[in-house]
Number of protein chains: 2
Amino acid sequence: MSGGLVIDHFLHHGGRLTEAARRFGGAAEDWLDLSTGLNPAPWPVPQALAPDWHALPDPAGLAVLEAAAARHFGVDPALCCAVPGSEAALRLLARILDLPGRALVPSYRSHVEAFAVSRPVRFGEVPAAGETCVIANPGNPDGVLHAPEALCGWADRIAGRGGWLIVDEAFGDCAPQASVAAAVRPEGRLIVLRSFGKFFGLAGVRLGFVLAPPPILAKLRAAMGSWPLHAGALVIGAAAYGDAAWIAATRADLPGRAAALDAVLARHGLVAEGASPLFRLVTGCPAAELFERLARVRILVRPFAEFPGWLRFGVPADPAALARLDRALHNG
Amino acid sequence: MSGGLVIDHFLHHGGRLTEAARRFGGAAEDWLDLSTGLNPAPWPVPQALAPDWHALPDPAGLAVLEAAAARHFGVDPALCCAVPGSEAALRLLARILDLPGRALVPSYRSHVEAFAVSRPVRFGEVPAAGETCVIANPGNPDGVLHAPEALCGWADRIAGRGGWLIVDEAFGDCAPQASVAAAVRPEGRLIVLRSFGKFFGLAGVRLGFVLAPPPILAKLRAAMGSWPLHAGALVIGAAAYGDAAWIAATRADLPGRAAALDAVLARHGLVAEGASPLFRLVTGCPAAELFERLARVRILVRPFAEFPGWLRFGVPADPAALARLDRALHNG
């Protein structure tokens with residue numbers, strides 16, 4: 001089996017551990033999964049936090065979750081709508097706005113696929129009249145972080161052309177000072193996406209948020225129906241966003257973990273890029289060969305279809321995981 | 001506060017316990033909720049069944065869930081797609097089929113609201129060319145159960161006009177002999193909706209299924225994105241559909257519970273209608289007055305905006321709950 005063929009199965013998404021185990025052996029739990037940007041030290045869901053799976057999710061519980069999240073984002077709760085994952089929400093938004101899309105390169109595949117018609121855009125480029133631009137901040141997979149002033153200036157120029165700017169802050173919890181959440185206005189044309197699963201390390205919950213003017217949120221709520229979120233998302237999300245101590249400790253802790261990974265990578269001639277402490281990008285490397293070498297010792301990293309010299313490394317949770325990666329890179 | 005004004009807040013959906021407690025007093029847990037058709041004796045989620053909230057939901061887990069559900073429905077797994085609730089799925093289907101809708105009367109509000117353009121339809125009526133008809137079987141709130149032969153004959157006539165028939169079997173698990181799931185064909189124009197939350201009594205999970213030809217399912221999956229379901233839905237759903245003993249015992253038990261409710265209602269001059277053992281409909285009653293009388297003793301039932309003489313009663317779980325209803329009806 002050739003490297004090119006095997007790597008193909010991992011180019012679209014991270015987190016394909018079952019597929020990796022099937023191709024390279026071992027059980028899923030034997031693997032060190034560095035293929036996502038999920039915090040590997042997740043918010044600890046308390047045992048006592050048993051969701052009420054019986055009843056239909058109560059609208060009052062949804063309002064409590066949205067209020068807790070809005071406080072965390074620094075935005076008026078009237079501008080904050082919970083969604084079952086920001087990827088699905090972007091698809092709905094693209095249909096609601098009903099304009100051609102412009103996605104930054106590189107970015108998530110879903111930023112391109114969400115729109116019926118989509119072309120690339122450069123940061124700061126003023127699009128044609130009536131286009132929706134989408135940017136991740138920090139970027140993915142490159143981790144480039146734009147200042148909120150630059151983003152807001154760009155948003156104003158796009159709005160002047162009758163378009164919209166959507167800023168995907170999926171990894172934004174690590175850098176609250178760079179968020180443009182507080183710049184979302186009822187009469188504006190700026191939309192912010194937030195994700196629960198990355199910073200809190202709980203992607204299985206499928207929870208995200210759209211911060212947008214109320215008329216957009218009304219259409220979004222109508223499209224999602226009466227019960228957009230499951231009972232677990234309501235209680236887990238509300239409790240996690242309210243855990244200020246854990247949030248502060250995690251924000252303080254993540255940069256150190258990322259620096260430790262950077263040091264290990266550098267020891268093997270790999271230079272990490274980007275401003276996100278949840279994932280690091282290595283460019284100009286023999287990605288297919290390195291991907292397979294790591295996979296043979298049950299370490300999964302993230303290659304990219306469009307960038308054959310790139311590998312993204314999730315930041316390991318602890319020194320043991322980091323040492324395992326160090327040994328694998330050394331022995332290759 | 002007048003009866004008309006108070007009842008207004010409960011006409012759209014069942015399960016609004018928080019709202020009921022706010023208006024009539026008591027804590028939510030003091031209430032006997034008979035406003036939904038959810039099985040009040042739910043499938044017992046095992047303590048050991050802890051969802052993996054950390055990782056992105058694995059596609060392999062989704063396939064396991066869909067296989068278990070397809071076996072339960074009696075349909076080829078290739079025709080079975082899990083969705084986060086059948087209400088949201090119907091909205092997506094309406095957009096994918098992109099045809100005017102025809103909904104049976106009476107039916108779910110969502111059957112009408114899912115379509116941009118919708119008119120009523122009578123059972124068996126052959127619609128105009130290229131229309132999508134939607135029917136719940138058993139019906140809601142009337143509980144009318146149509147035979148699969150009659151449904152399949154209607155589906156054929158609609159298909160002959162280039163239209164589609166969507167049969168919402170949300171309450172279909174109680175009457176597997178009436179299901180048309182096995183009549184869904186890759187080349188056909190029949191679609192079946194199934195719901196997990198009602199029969200299994202776990203509406204907070206937000207899980208449903210669409211049984212449809214593969215090209216429709218492909219568009220549905222594309223619209224929902226890569227992770228349509230949360231981690232809890234994957235493990236709870238797969239285990240529950242695989243629990244043949246619980247399913248058989250519940251199917252055997254429900255008719256007796258429904259008959260006991262019918263007897264209590266009859267004692268107070270209320271005649272229950274319909275073939276569903278999860279809810280019973282009373283027509284021609286002083287619904288607003290009865291709704292308020294029951295609410296004052298913390299029993300929530302379901303009134304309907306379009307049918308001011310109707311009340312729907314969920315079937316109580318046990319003799320104690322039934323006795324409480326009996327006393328409330330007696331003392332009114």
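Letters A, B, ... mirror the listed sequences (proteins, then strands); counts begin at 1.
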In terms of heavy-atom pairs under 4.5 Å with chain A, which of E87(B), Q47(B), M224(B) leads? E87(B)
Measuring heavy-atom distances to chain B, does D52(A) have an atom under 4.5 Å in its side chain, in its backbone, in both, or in neither? backbone
Using heavy-atom distances under 4.5 Å, tell me whether D33(A) contacts chain B through its side chain, its backbone, both, or neither. neither
With a 4.5 Å cut-off on heavy-atom pairs, point out which of L17(A), V45(A), I236(A) contacts chain B the most. I236(A)
Just checking, R16(B) and F10(B): is the charged tip under 6.0 Å from the six-membered ring centre and within 45° of the axis? no
Engaged part of L229(B) at the chain A interface, taking heavy atoms whose separation is under 4.5 Å: backbone
Check for me whether the distance between the ring centres of F209(B) and F196(B) falls short of 6.0 Å. no
Does any backbone or side-chain atom of P228(A) lie under 4.5 Å from a heavy atom of chain B? Answer side chain, backbone, both or neither. neither
Output the option from G201(B), P40(B), G197(B) having the highest count of non-hydrogen pairs under 4.5 Å with chain A. G201(B)
What's the spacing between L34(A) CG and F279(A) CZ if we round to 0.5 Å? 14.0 Å
Evaluation steps, side-chain contact (heavy atoms from CB on, under 4.5 Å), between E19(A) and L300(A): CA-CA 11 Å; E19(A) 178 69 14; L300(A) 190 64; over 6 Å; no
Which residue out of A28(A), A222(A), G61(A), P84(A) racks up the most heavy-atom pairs below 4.5 Å with chain B? A222(A)
At a 4.5 Å cut-off on heavy atoms, which part of R95(A) comes close to chain B: side chain, backbone, both, or neither? side chain
Centroid-centroid distance, F199(A) to W246(A), less than 6.0 Å: yes
Please classify the contact between A55(A) and chain B as side chain, backbone, both or neither, with a heavy-atom cut-off of under 4.5 Å. backbone
Would you mind checking which part of A223(A) comes under 4.5 Å of any heavy atom in chain B, side chain (CB onward), backbone (N, CA, C, O), both or neither? backbone
